[in-house]
Amino acid sequence: MRRALAGIALAVTSMVALSFLIPLALLVREQARDRATTAAEQRASALSPVLALTTRRADVQQAAAELGSSDQLVVRLPDGGFVGTPRAPREALDRAVRGRETLAVDTAGGWVYLQPVVLQGDRVAVVEAFVPAADLTRGVAASWGVMALLALGLVGGSVLVADRLGARVVRSSRSLKRASLALGSGDLDVRVEPDGPPELQEAGAAFNTMADRVLDLLAVERELVADLSHRLRTPLTALYLEADRMGSTPSARRVAEAAVQLESELDSIIAAARTPLASARSARAAAGAAKACDVAEVVAMRLDFWSVLAAKQGRPYERSLTPRLVPVAFPEDDLAAVVDALIGNVFRHTPEGTAFAVRVERADRHVLLTVDDAGPGVADPDAALTRGVSVGGSTGLGLDIVARAAGAADGELTITRAPLGGARVRVSFVLADAGGAGGEIR
């Protein structure tokens, strides 16, 4: 933008300067010529009274010397002789004598003025005033130089002013761009200082208003999530009471354990929802960076949990977990949520008795978590990976949670056809120590 504004200022100012300078330069040249020719005409006219009194060569020569340079003022006497060296063409002199008319002639060396003087006895003398070419343009070059310098100063000044104005606009635009990118990347505290032209100041103020509104909306949303989570405590209390009435049976213990785990999850959701966004992001990043978990260990733990329901529904399952350590820089609770989402989808979207398999494999720099099932499969994998889109009566959030978790661990999520005939969901995570840890789990 700065270059464009400077180019526009250069073009406009140059055109304006040229439109004035060209006519002014021609006028200066004409004025210099007029000044020199007028002075020559005056010298010639001043010599005419002398010729009316005397035509003696000595007197005329003395008078010409007093009026100007002897090589610029020449007299043709009535007898045909000359006082000085004539520069006018012969034809012009003869014409001035015969026609008794004043002539101005341009020659190779300059400009010649011929003024006839009629004397007694019908005799004619001619006064010749010569102006060298250098005198015709005396001072023109200096005047043109001054005008050129003024024009350059005007153009340079306009370009400099345009550049400064453009720099201010560009600075304000870049500040607004940086703030927009920062807000888009999650920095909700970023604001801009409105600067620049009024339009950009209004845009900056609108950006600050939008950022404040986003914070308000997120705060309302987080409070809503916390309130909804809190409302789940009522059915959770009823679940506790039902477990108490069931006594100390194994089923009652499992219900109580599930209720405890659900209450812990609700507490975590409420705490996270009511934590300021910036603090939540920092705490989560610090937790993920400070502690790594082993994928195989977490998967084994969650399989033990789901195995009870699998046995009740008559679902045969296969587990294949690598004996090598497969650490990932990911919170254990989040990884457990990923495993629960993948296995839970099998239970929700396939009939009872459908087999499934869970595998954990270590690659060169990644760990692969694969969940296969023998169900109907996923007809549209792209739709299944779209947040909020249901492909089987669900909320569409389960696979989105898995996809976001994989992205946070520099991995990816893919959905294909499984060897069992149903869906294969594979998640890859980057190993926390891609070059080293390789012992066995004890």
* To do: Please list all pairs passing the salt bridge (charged side-chain N to carboxylate O under 4.0 Å, His left out) test where one or both residues lie in residues 298-309, with sequence neighbours left out.
  => Arg302-Asp340, Asp304-Arg319
* With no hydrogens and no angle check, is any side-chain donor or acceptor of Arg191 less than 3.5 Å from a backbone partner on Leu188? -> yes
* Asked: Does Thr13 use its side chain to pair, donor to acceptor, with the backbone of Leu10 at less than 3.5 Å?
  -> no
* Can you tell me if Ser428 uses its side chain to pair, donor with acceptor, with the backbone of Glu412 under 3.5 Å? -> yes
* Asked: With Arg33, which residues qualify under salt bridge (Lys or Arg N to Asp or Glu O under 4.0 Å), at least two apart?
  -> Asp106
* Asked: Are side-chain heavy atoms of Pro132 and Gln72 found at a separation under 4.5 Å?
  -> yes
* Structure fact -> Those residues at least two apart in sequence (or on a different chain) that pass side-chain contact (heavy atoms from CB on, under 4.5 Å) with Thr350 are Arg315, Val346, Thr354, Asp373, Pro376
* **Leu431 side chain reached by His366 side chain, heavy atoms, under 4.5 Å** => no
* Side chains of Phe347 and Gln313 in contact at under 4.5 Å (non-hydrogen atoms) -> yes
* Asked: Listed by chain and number, what are the salt bridge (Lys or Arg N to Asp or Glu O under 4.0 Å) partners of Glu361, not counting sequence neighbours?
  -> Arg426
* Between Val214 and Leu218, is any pair of side-chain heavy atoms under 4.5 Å apart? -> yes
* **Partners meeting ring-ring contact (aromatic ring centres under 6.0 Å, His included) with Phe130 (sequence neighbours left out)** => none
* Asked: Between Glu193 and Ser175, does any side-chain donor sit less than 3.5 Å from a side-chain acceptor?
  -> no
* Pairs satisfying salt bridge (charged side-chain N to carboxylate O under 4.0 Å, His left out), at least one member in residues 7-25, at least two apart -> none
* Asked: Got a sec, which residues hit side-chain contact (heavy atoms from CB on, under 4.5 Å) with Val299, two or more places apart in sequence or on another chain?
  -> Val295, Leu303, Leu321, Val339, Val358, Val360, Leu369
* To do: Please collect all salt bridge (charged side-chain N to carboxylate O under 4.0 Å, His left out) contacts where either partner lies in residues 142-159, sequence neighbours excluded, each pair once.
  => none
* Asked: Does any N or O in the side chain of Thr137 come within less than 3.5 Å of the main-chain N or O of Val140, such that one atom is a donor and the other an acceptor?
  -> no
Donor-acceptor pairs under 3.5 angstrom involving side-chain atoms of residues 202-211: please list them, not counting sequence neighbours.
unit_1, atom_1, unit_2, atom_2, d
Asn208, OD1, Val192, N, 3.0
Asn208, ND2, Val192, O, 2.9
Thr209, OG1, Ala205, O, 2.9

* Structure fact -> Only one of Val430, Val326, Val427, Leu325 passes side chain to side chain contact (heavy atoms under 4.5 Å, CB included) with Val367, and that residue is Val326
Contacts table for residues 18-31: side-chain donor-acceptor under 3.5 angstrom, sequence neighbours left out:
unit_1, atom_1, unit_2, atom_2, d
Ser19, OG, Met15, O, 3.3
Ser19, OG, Val16, O, 2.6

* Asked: With sequence neighbours left out, which residue pairs that include part of residues 11-25 fulfil the salt bridge (charged side-chain N to carboxylate O under 4.0 Å, His left out) condition?
  -> none
* Using modelled atom types only, decide if a donor and an acceptor are shared between the side chain of Glu128 and the backbone of Leu73 within a distance under 3.5 Å. => no
* Of all residues at least two apart in sequence or in a different chain, which pass the side-chain contact (heavy atoms from CB on, under 4.5 Å) check with Glu101? -> Arg95, Leu103
* To do: Determine whether Pro419 and Asp372 make a side-chain contact, defined as any pair of heavy atoms from C-beta on separated by less than 4.5 Å.
  => yes
* Asked: Are side-chain heavy atoms of Tyr113 and Thr37 found at a separation under 4.5 Å?
  -> no
